[in-house]
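First comes the structure, then the notes that go with it.
Letters go in sequence order (proteins before strands), and every chain restarts at 1.
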2 protein chains.
Amino acid sequence: MPSDGSGRQPKYQRIAAELKAAIRSGRYGPGDRLPGENDLMAAHGVARMTARQALGVLQAEGLAEARKGAGVFVREFRLIRRRGIQRLAADVWSQGRSIWAADTEDRELVVDFLSATDEPAPSAIAVVLGLAEGARACVRRRRFLLDGKPVLLATSYLDAALTAGTAIAEPDSGPGGIYARLADLGREPVRFREEVRSRMPTPEEADRLGLVPGTPVVLVCRTAYTADGHAVEVNEMTLDASAYVLEYEFDAQ
Amino acid sequence: MPSDGSGRQPKYQRIAAELKAAIRSGRYGPGDRLPGENDLMAAHGVARMTARQALGVLQAEGLAEARKGAGVFVREFRLIRRRGIQRLAADVWSQGRSIWAADTEDRELVVDFLSATDEPAPSAIAVVLGLAEGARACVRRRRFLLDGKPVLLATSYLDAALTAGTAIAEPDSGPGGIYARLADLGREPVRFREEVRSRMPTPEEADRLGLVPGTPVVLVCRTAYTADGHAVEVNEMTLDASAYVLEYEFDAQ
DNA sequence: AAGTGGTCTAGACCACTTT
DNA sequence: AAGTGGTCTAGACCACTTA
């Protein structure tokens with residue numbers, strides 16, 4: 001064995017590295033079909049499982065996507081930009097250029113309302129909302145679809161004692177949404193906290209979002225506070241990480 | 001085949017589901033060793049590859065971690081809370097309870113300075129900083145270690161024409177860090193934008209962060225703006241997603 | 001020394017998609 | 001009908017960890 005440098009590397013990693021290099025070089029572009037298991041077996045003289053392992057590396061990295069019966073394809077990404085503050089008025093900094101391109105325009109992001117129910121509040125939620133253990137919550141579930149594909153699941157929790165009999169407990173919360181209704185009740189949210197995490201999805205999340213294997217989810221938990229510092233709403237969101245860029249702005253100090 | 005419900009599911013998924021249920025039930029806690037390949041082969045009468053596949057499911061989900069020669073273990077998570085605004089003074093909302101527990105206390109988060117060099121600015125960075133194509137940038141690389149394990153890689157870019165001859169171009173940027181030095185130059189950052197994404201790591205990122213397979217990275221790109229709206233610094237950060245919760249606060253409207 | 005996970009072979013059958 | 005990826009078997013050798 002000569003001083004090969006790349007000598008001591010598993011075959012499947014060598015094959016995977018070769019495919020990745022071919023993608024980087026532009027040999028295969030987004031949406032293109034990659035060499036399949038049979039191609040790799042023939043080209044590299046390996047067993048089926050080894051070729052599978054190589055293709056599995058690209059899929060686990062989120063670079064490629066297997067379509068049963070069709071082949072393995074280079075993935076394409078189109079990012080949605082989600083701003084913490086939905087401020088349309090342009091200020092001086094909004095002019096600044098962004099790192100990651102995101103074409104929010106010319107694409108349809110539709111909201112799919114799922115349900116508004118009255119349920120016992122999960123204990124973690126009850127703590128944040130300042131409710132007694134076992135208190136009931138108004139739970140509103142929504143789903144966001146981009147070009148028909150689900151990209152965000154949202155579950156919103158409010159104190160059921162507060163929302164009972166209001167439009168917040170109804171499927172259609174009326175003009176301005178639930179924040180306008182909370183304002184009607186003298187509980188207008190004036191400040192938000194968002195906590196952001198990321199991890200691999202549970203099988204159920206992957207199913208509900210139609211996630212390609214190798215795609216993480218981003219978890220955003222937004223808490224809305226009234227002027228007197230009380231939390232009035234907790235909104236747990238699960239995002240397709242391959243579809244979103246989150247954006248936050250804040251002042252120094 | 002009776003109306004079994006779970007009848008038509010691959011064996012490896014059935015085995016994986018059984019292991020996951022056992023973890024949820026508390027049968028196996030964080031750090032515990034799971035049944036190995038040999039155990040699963042014997043218990044379920046399957047081939048080695050099938051047992052491996054089942055354990056691979058848990059690893060891909062980030063629930064378990066294989067240690068070569070030792071076994072497969074339930075992962076344990078300890079989250080660091082990272083605030084967009086590092087405001088120590090408690091305001092009324094800081095009292096609010098958080099969803100995810102994070103023990104920043106009693107753990108050592110140390111900064112490991114890597115380098116400060118003068119390099120051609122990557123074109124995406126040059127655009128954001130308003131530099132000419134091919135202009136040079138001051139590039140500062142750092143690494144954050146939690147209990148000795150790297151959890152964050154940061155690369156900071158500034159206009160080299162601005163920083164030349166200042167402490168910013170030196171390894172030690174002096175008291176108050178580079179923001180204090182920028183203030184000395186009349187370029188104090190007063191506002192920040194952070195863009196946040198998540199994806200699976202490249203092999204190089206996984207290696208540099210020592211990531212367990214099944215762990216995504218969070219990418220945070222922070223741009224610092226002066227009062228006149230010019231970008232003075234771009235900081236690209238790569239975070240171990242299993243180690244961090246990001247937190248942002250902002251006012252309505 | 002024994003046990004563990006990591007890699008690899010050479011077969012096989014299936015469900016699925018495409019032509 | 002042909003080709004594709006998904007699942008599965010029954011072996012094998014290796015490097016590594018633990019005791």
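- Residue A:M49 places its side chain closer to C:dT9 than to any other of C:dT17, C:dT9, D:dT18.
- Atom pair A:M41:CE and D:dT4:P shows a separation of 11 Å (rounding to whole Å applied).
- If you take CD1 of B:I15 and C1' of D:dT7, they are 12 Å apart, rounded to a whole angstrom.
- Taking only side-chain nitrogens and oxygens, A:N38 never comes nearer than 4.0 Å to OP1 or OP2 of D:dG3.
- Contact of the A:F113 side chain with the A:R140 side chain is registered, since non-hydrogen atoms from C-beta on lie closer than 4.5 Å.
- Distance CG (B:L55) to C1' (D:dC8): 16 Å, rounded to an integer number of Å.
- With D:dG6, D:dT7, D:dT9 as the candidates, the nucleotide lying closest to the side chain of B:V46 is D:dT9.
- Under the Watson-Crick or G-U wobble criterion, with both distances below 3.5 Å, C:dT9 is paired with D:dA10.
- For the pair B:R33 CZ and D:dT18 P, the computed distance is 11 Å after rounding to whole Å.
- Residues A:T238 and A:R208 bring no donor and acceptor atom of their side chains to less than 3.5 Å of each other.
- To the nearest angstrom, P of C:dG11 lies 16 Å from CD of A:E37.
- Around CZ of B:R27, the count of heavy atoms belonging to other residues, nucleotides or ligands within 6.0 Å does not exceed 12.
- Rounded to an integer number of Å, the gap from CD of A:Q13 to P of C:dT7 is 6 Å.
- In this structure, the separation between CZ on A:R142 and CG on A:N235 is 6.0 Å, given to the nearest 0.5 Å.
- Residue A:A47 places its side chain closer to C:dT9 than to any other of D:dG5, C:dT4, C:dT9.
- Between the CD atom of B:E65 and the P atom of C:dG6 there is a distance of 11 Å, rounded to whole Å.
- An OP1 or OP2 oxygen of C:dT7 is reached within less than 4.0 angstrom by no side-chain nitrogen or oxygen of A:T50.
- Of the candidates D:dC8, C:dC8, D:dG6, the closest approach to any side-chain atom of B:K11 belongs to D:dC8.
- Residue A:Y12 places at least one side-chain N or O closer than 4.0 Å to OP1 or OP2 of C:dT7.
- Here the side chains of A:L40 and A:L19 are in contact, with some heavy-atom distance below 4.5 Å.
- Side-chain contact check for A:C221 versus A:V234: some heavy-atom pair is nearer than 4.5 Å.
- Partner assigned to C:dT4 is D:dA15, using Watson-Crick or G-U wobble distances below 3.5 angstrom.
- Both B:R48 and B:A51 sit near DNA chain D, but only B:A51 has its closest nucleotide nearer the 5' end.
- With D:dG5, C:dT7, D:dT4 as the candidates, the nucleotide lying closest to the side chain of A:Q53 is C:dT7.
- When distances are taken from the side chain of A:R52 to each of C:dG5, D:dT9, D:dG5, the shortest belongs to D:dG5.
- A:K68 has no side-chain polar atom (N or O) that falls below the 4.0 Å cut-off from OP1 or OP2 of D:dT7.
- At whole-Å resolution of the value, CG in A:L34 and P in D:dT4 are 13 Å apart.
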